[in-house]
Amino acid sequence: MNKLYINGIICLLASSCWGNSVFYLAAVSVLGGVLFLALGRIGARTAILLFVLALFIDSSIAYCSSLIGALLIIADQKREAACFLASQLPILFSPLISFPYILLHPLVSIIIYSVSFILCCRFRRSKPYIESFFIISYGVGLAFICTTAWSLNPAINSAASSGYQIGEAISKITHLDSSVKGTLVYNNERYTQVKGEGTIYLDHDAHTQWDSGTFQQKRPWSINIPVGSEMLRRAVYRDGCLICNIGAILCQRNAKFIAGVYHGNTIIPLILNSDGRLVLGDSDFVVNCLVPYQRNLIRYLTGDDVFNRLFHFVCGFLLVFSYFSKTGVLVVASLIIVFDIYIVNMPVDGHVRYVGRSHKWAHTDLGEGVVRVLQQQGINAVFGNRNTTILVVGGNYSTRIKDEKIVVLEPGASVSIGGAIYAADVLPLGNSDGVVDARYIVKK
């Protein structure tokens with residue numbers, strides 16, 4: 001019966017639960033529970049338990065197909081691991097190979113899993129290398145994908161305010177400058193043949209050779225799983241969501257698929273690789289005021305996320321290593337999970353330190369929106385947890401001040417300064433001294 005449960009759950013994971021992150025995270029958690037209960041070995045149970053606990057610290061780890069495959073191998077489910085990874089191979093290699101979009105469809109992923117499972121069962125004794133081929137192919141492919149990166153070139157748009165310019169915030173996040181200028185196209189009344197240099201940004205109604213319509217992502221954005229490699233999906237969910245409002249539906253045009261989103265029974269391509277140049281169906285996530293909310297995705301695309309690339313590289317190595325040593329896999333898998341927790345909590349330089357619940361939404365008037373407001377005023381500020389000058393504390397959260405000069409408290413938030421605790425009252429005062437919805441600050 002456990003086999004039936006496991007295969008059913010893996011089919012859901014292979015299809016990314018049709019693009020719903022809530023169901024996907026639930027499926028991963030259930031899989032971890034089923035594997036934990038089915039195992040009798042203490043070491044294997046420890047690895048599964050560490051993975052489930054890590055989900056509470058960093059839910060983006062659930063999108064690491066390689067790690068899920070390694071855990072299945074540890075749980076003596078090598079065949080299921082091989083077939084699951086086989087279903088993810090088209091998505092993994094899509095930035096390098098021009099696959100038809102149909103191969104990336106959730107239903108096709110389930111079909112690939114099912115066919116691979118039948119082949120492995122049929123030839124398990126006569127041709128046992130089929131399983132090893134899928135596992136090693138994914139591991140080597142993941143390690144290779146870790147070496148790929150692109151540029152995000154700034155695009156000139158004189159009509160846009162400073163908050164909606166493209167370029168300055170990207171350089172602040174990645175520490176990379178580009179002398180090449182990108183091309184931004186939107187609201188064209190007539191068809192235009194785009195011959196621009198650098199990154200091509202196609203917003204809604206672009207009417208170019210690259211797009212075939214307009215797309216609006218369903219809300220809330222945080223529940224929409226992007227279609228893409230595990231590195232991209234993990235980067236997006238470390239940010240919280242893929243910021244995309246109204247963009248263009250991209251055409252393949254001999255380009256290679258990098259990312260998109262599920263839309264019912266179809267996939268909407270939003271990022272393509274055209275001869276090493278990025279074509280974007282929407283510029284929202286790269287404009288100055290929204291870049292700070294898409295930090296991990298930006299750094300993934302530009303190759304600036306060294307530690308995360310190392311994390312996935314080691315995951316790829318783990319899969320190859322699993323073919324030779326199950327005991328070694330157990331040790332390495334546990335170390336990878338600990339390494340992931342370290343990456344999530346490592347210090348990051350910035351201007352604004354935010355302590356509180358992520359709203360998974362950049363357009364909030366709560367404390368998390370301070371960075372967006374600063375960017376719209378032409379102040380190039382980004383989030384961080386080291387060397388920050390502004391501290392923002394979310395409602396009902398508390399923390400200690402470091403070296404910040406300005407403190408912003410949401411209602412019910414408190415901060416410890418010099419041994420004293422200061423809290424924002426929950427009673428609204430209306431407008432006071434130009435502050436909308438002002439509150440008393442009380443000393444406890």
To check you understand the geometry: which heavy-atom pair defines the closest contact between Asn188 and Ala206, and what is its length?
ND2-O, 3.0 Å
Without hydrogens or angle criteria, can the side chains of Gln165 and Asn157 be said to hold a donor-acceptor pair below 3.5 Å?
no
Any side-chain heavy atom of Val442 within less than 4.5 Å of one from Tyr422?
no
Kindly say whether Asn380 contributes a backbone atom to a donor-acceptor pair with the side chain of Glu168 at under 3.5 angstrom?
no
Give a yes or no on this: more than 12 heavy atoms of other residues, nucleotides or ligands lie within 6.0 Å of atom CD of Gln216.
yes
Regarding Arg238 and Asn308, is there a side-chain donor-to-acceptor distance under 3.5 Å anywhere?
yes
Pairwise distance NZ(Lys256) to CG(Leu272) - rounded to 0.5 angstrom
10.0 Å
Please list, chain by chain and in numerical order, all residues satisfying ring-ring contact (aromatic ring centres under 6.0 Å, His included) with Tyr397, sequence neighbours excluded.
none
When you compare the side chain of Val320 with that of Val140, does any pair of heavy atoms fall below 4.5 Å?
yes
Does the side chain of Leu202 reach to within under 4.5 Å of the side chain of Leu280, using non-hydrogen atoms?
no
For Val180 against Pro154, the heavy-atom pair lying closest together
O-CD, 3.7 Å
Identify the heavy atoms of Leu318 and Ala70 that sit nearest to each other, and give their distance.
CD2-CB, 3.4 Å
Should Trp150 and Asn273 count as side-chain neighbours, where that means a heavy-atom distance under 4.5 Å?
yes
Would you say the side chain of Ile61 lies within less than 4.5 Å of the side chain of Leu67, judging by non-hydrogen atoms?
yes
Any side-chain heavy-atom pair of Tyr164 and Cys289 under 4.5 Å:
yes
Might you work through the side-chain contact (heavy atoms from CB on, under 4.5 Å) test for Ile336 and Val338, ending with a clear yes or no?
CA-CA 5 Å; Ile336 285 177; Val338 173; over 6 Å; no
Can Gln375 and Asn288 be counted as having a side-chain donor-acceptor contact under 3.5 angstrom?
no
To the nearest 0.5 Å, atom OG of Ser87 lies from atom CG of Leu89 at 8.0 Å
Any donor-acceptor N or O pair under 3.5 Å, side chains Tyr201, Asp282
no
Please report the shortest heavy-atom distance between Arg45 and Phe36, naming the atom on each side.
NE-O, 3.0 Å
Return the minimal non-hydrogen interatomic distance between Glu368 and Glu410, and the atom names on each side.
N-OE2, 4.2 Å
Are Thr148 and Pro95 close enough that some pair of their side-chain heavy atoms sits under 4.5 Å apart?
no
Carboxylate-amine/guanidinium proximity below 4.0 Å for Asp305 and Arg299:
no
Step through the shown structure and confirm whether more than 12 heavy atoms of other residues, nucleotides or ligands are within 6.0 Å of OH on Tyr191.
yes
Would a distance-only check, ignoring hydrogens and angles, find a side-chain to backbone donor-acceptor pair under 3.5 Å from Ser15 to Ile110?
no
Kindly indicate, with the supporting measurements, whether the criterion side-chain contact (heavy atoms from CB on, under 4.5 Å) is fulfilled by Asn385 and Tyr354.
CA-CA 8 Å; Asn385 53 21; Tyr354 177 73; over 6 Å; no
Under 3.5 Å side-chain donor-acceptor pair for Glu404 and Thr389
no
Begin from the C-alpha positions of Leu92 and Tyr138 and carry the test side-chain contact (heavy atoms from CB on, under 4.5 Å) through to its verdict.
CA-CA 8 Å; Leu92 178 68; Tyr138 192 94; 3.8 Å; yes
Count the heavy atoms belonging to other residues, nucleotides or ligands that lie under 6.0 Å from CZ of Phe311, then report whether that count exceeds 12.
yes
side-chain hydrogen bond (donor to acceptor under 3.5 Å, both in side chains) pairs, two or more places apart, involving residues 411-421
none
Give a yes or no on this: more than 12 heavy atoms of other residues, nucleotides or ligands lie within 6.0 Å of atom NE2 of His263.
no
If you look at every heavy atom in Ile9 and Val30, which pair is closest and at what distance?
CD1-CG1, 3.5 Å
Scan side-chain atoms only and decide if Asp284 and Asn245 contain a donor-acceptor pair under the 3.5 Å cut-off.
no
What do you reckon, is CG of Asn187 surrounded by more than 12 foreign heavy atoms closer than 6.0 Å?
yes
Any salt bridge linking Arg386 with Asp349? Criterion: basic side-chain nitrogen under 4.0 Å from a carboxylate oxygen.
yes
Run the numbers on Val382 and Arg295 for side-chain contact (heavy atoms from CB on, under 4.5 Å), then give the verdict.
CA-CA 9 Å; Val382 296; Arg295 182 187 192 110; 4.1 Å; yes
Using side-chain heavy atoms (C-beta onward) and a distance below 4.5 Å, is Ile6 in contact with Leu35?
yes
State plainly whether the residues Lys181 and Glu197 are in salt-bridge range, i.e. N to O under 4.0 Å.
no
How would you list all residue pairs meeting side-chain hydrogen bond (donor to acceptor under 3.5 Å, both in side chains) that involve residues 60-74, not counting sequence neighbours?
Asp58-Ser60, Ser65-Arg233, Ser66-Glu230
Near-ring test Phe257/Tyr101, centroid separation under 6.0 angstrom:
yes
Side-chain donor-acceptor pair under 3.5 Å between Asn153 and Thr199, yes or no?
yes
